[in-house]
Amino acid sequence: MPRKPKKFHFIYKTTNNVTGRYYVGMHSTDDINDGYLGSGLVLRRSVKRYGREAHTTEILEHCSSRDELKQREAEVVDEKLLGDPLCMNLKTGGEGGSDFQTAATRQKISLSKRGKKHYWSDAARQKLA
């Protein structure tokens, strides 16, 4: 079923004010002040760790339609942006969601997990064995 047309379409940037890391995404809504921060995996983890109040969102650009919005996000969230170590995006823009993991995505995930200890229950360890 097609989406219900929305009134506003924009590219936004959500920044973690503690770490300086940021996420760039697209959003369509009828309420421009709906409090949307973004839905990226790393961004959601950042909000969980630091809280909503540690994040600010700014609108970078308005678009006239959802199709234009997808095209602009694909242009803005490119490989160059993904190469920035402060960027929380895991893949190029234009489609939304995380259907797959690129090599760059796997590398970012790997780097973010280095040095962290994982505590497994005995039951979980037995399942892995």
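Everything numeric here is computed off the predicted structure, so don't read it as measured data.
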From [X] atom [atom1] to [Y] atom [atom2], the distance as rounded to the nearest 0.5 Å:
X      : Y      : atom1 : atom2 : result
Thr19  : Leu86  : OG1   : CG    : 7.5 Å
Arg114 : Leu111 : CZ    : CG    : 5.0 Å
Lys108 : Leu90  : NZ    : CG    : 6.0 Å

*Do Arg21 and Val42 pass the side-chain contact (heavy atoms from CB on, under 4.5 Å) test, and can you show the C-alpha distance, the side-chain angles, and the key distance before you say yes or no?*
CA-CA 10 Å; Arg21 296 190 73 198; Val42 179; 3.9 Å; yes
Can you see which heavy atom on [X] is nearest to which on [Y], and at what distance?
X     : Y     : answer
His55 : Tyr50 : CE1-CB, 4.0 Å
Leu69 : Cys63 : CA-SG, 3.8 Å
Lys91 : Val77 : O-CG1, 3.6 Å
Val47 : Leu37 : CG2-CD1, 3.8 Å

_Please say yes or no: joined through hydrophobic side-chain contacts below 4.5 Å, possibly via intermediate residues, are Tyr23 and Ile59 part of one cluster?_
yes
*Do the side chains of Leu81 and Met26 join up, straight or via other hydrophobic residues, at under 4.5 Å, putting them in one cluster?*
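The answer is yes; both residues are in one hydrophobic cluster.
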*Scan for side chain to side chain donor-acceptor pair (under 3.5 Å) pairs involving residues 75-84, sequence neighbours excluded, and state none if there are none.*
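Non-adjacent pairs meeting side chain to side chain donor-acceptor pair (under 3.5 Å): Tyr22-Asp84, Arg72-Glu75.
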*Could you check if a side-chain atom of His27 sits within less than 4.5 angstrom of a side-chain atom of Thr57, using non-hydrogen atoms only?*
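His27 vs Thr57: side chains apart.
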*Evaluate the side-chain contact (heavy atoms from CB on, under 4.5 Å) criterion for residues Met88 and Ser46: first the C-alpha distance (whole Å), next the side-chain angles of each, then the deciding distance (0.1 Å), finally the verdict.*
CA-CA 9 Å; Met88 290 190 263; Ser46 176; 4.0 Å; yes
_Test side chain to side chain donor-acceptor pair (under 3.5 Å) applied to Thr56 and Asn17, Thr15, Asn16, Thr14, the passing residue_ = Asn17
Side-chain donor/acceptor pairs under 3.5 Å, residues 6-13, sequence neighbours excluded:
residue	atom	partner	partner atom	Å
His9	ND1	Ser28	OG	2.7
His9	NE2	Lys6	O	3.2

*Counting only heavy atoms not in Arg49, do more than 12 fall under 6.0 Å of its CZ?*
no
